[in-house]
Amino acid sequence: MTATNGAGAAGAVSASEQSRAAARGTCPCGVTLGIKNQHGLCRACRCRALSADPDVVARRSRAALATYQADATVRARHKAATRAAIAKRLEDPAAMERLRENGRKHGAPNFPLANTPEARGRAAAATRARHLGWCPPEYYGLNASLKAKGYGLAERKAIILADVPGTPEHARRAIANHQDAQRIRAEREKAQAY
Ligand SMILES: [Zn+2]
C-alpha cells in the first residue's frame, strides 16, 4: 500500500513509516506490532506468555491427552516417531557419549541419595498416590486385599467408592438402601394389616 504513494523522497517515506509504527505500538521486546494487534505483544512474546500460564498449559495437556487417547492413528504415529527418534539417537555416538557423561556426573553421585529408606518410601508413596488417585488412603488395605482375591479395577472401584460419601457410587447405594428399607416396611405393614 505504501509503495503506491511512495513517490516522495526516501526521507519522507521513512518518516511516515516511523509515525505509522508509533501508532501501531511496540512489543516490550522492541518488535513493531501489527495494526490489528490487541494484546500488545508480538507473536513470539505472546506464545511465551501463554506457555508460561499454568492454566493454558493444563488445558493444552488435557486436549493433547484426549486426542491421544481417542485417536488410534495419533497413537500409532507417536509410537513410530518415538521409535525412530530412539533408534536415531542410539546411532549417534556423540549423543550416547552425552548420556554416559550425564550418568557419570549426576547418576552415580545421586544414587546413594535416592537409595535411602526415606527416599524409597517417598517414591513409593508418590507412585501409590498417582496409581490410586481414585482411592482414599484409608481404603488402600481393602483395595490390596480385593486385588489379591482377583477383583478387577472396575469392581474394586464400585465396592470401595460405594463406601465413600460424596461419590456417585455411594449415592447409588444410599438410594438402593432407602428403596430396600421402604420395600421391607411396606411388606411388613401389608402383613400386619391382615
Ligand atoms: Zn515481543
Side-chain angles (χ1 to χ4, degrees), residues 1-116 118-137 153 166-168:
M1 321 282 164
T2 359
T4 50
N5 55 17
V13 170
S14 134
S16 84
E17 280 290 304
Q18 273 169 14
S19 71
R20 190 184 274 255
R24 279 175 179 177
T26 312
C27 180
C29 76
V31 167
T32 303
L33 297 173
I35 199 88
K36 287 182 183 163
N37 188 294
Q38 287 178 353
H39 18 258
L41 293 172
C42 71
R43 184 191 272 271
C45 290
R46 171 87 172 144
C47 285
R48 216 172 291 126
L50 285 173
S51 296
D53 182 339
D55 285 345
V56 172
V57 173
R59 224 179 309 136
R60 281 181 192 160
S61 300
R62 272 199 303 278
L65 182 63
T67 312
Y68 185 84
Q69 288 173 337
D71 193 336
T73 29
V74 170
R75 283 199 298 279
R77 212 187 309 140
H78 181 254
K79 204 168 170 183
T82 310
R83 282 226 176 103
I86 292 173
K88 197 173 160 198
R89 200 173 190 205
L90 287 172
E91 282 170 11
D92 178 358
M96 295 314 285
E97 184 46 38
R98 274 201 303 280
L99 275 186
R100 272 184 225 106
E101 185 52 35
N102 266 344
R104 281 191 290 269
K105 216 160 96 188
H106 307 291
N110 280 339
F111 182 72
L113 301 179
N115 205 28
T116 62
E118 295 79 29
R120 279 200 305 275
R122 272 200 307 278
T127 305
R128 204 182 301 123
R130 195 164 61 240
H131 286 230
L132 285 178
W134 60 271
C135 183
L153 178 62
T167 62

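Order of listing sets the numbers, starting from 1, for every ligand and every atom in it.
Closer than 2.8 Å to the Zn ion (ligand 1) sit the protein N, O or S atoms Cys27 SG, Cys29 SG, Cys42 SG, Cys45 SG.
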Check: residues 79-86 side-chain donor-acceptor pairs under 3.5 Å, at least two apart:
from, atom 1, to, atom 2, distance (Å)
Thr82, OG1, His78, O, 2.6

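In this structure, CZ in Arg46 is found 9.0 Å from CG in Asn37, a value given to the nearest 0.5 Å.
Within 6.0 Å of atom CZ in Arg120, more than 12 heavy atoms from other residues, nucleotides or ligands are found, so the atom counts as buried in its surroundings. Other residues, nucleotides and ligands contribute at most 12 non-hydrogen atoms within 6.0 Å of the CZ atom of Arg89.
Salt bridge Arg100/Glu97: present, at least one basic N to carboxylate O contact under 4.0 Å. A salt bridge links Arg104 to Glu101: at least one charged side-chain nitrogen sits closer than 4.0 Å to a carboxylate oxygen.
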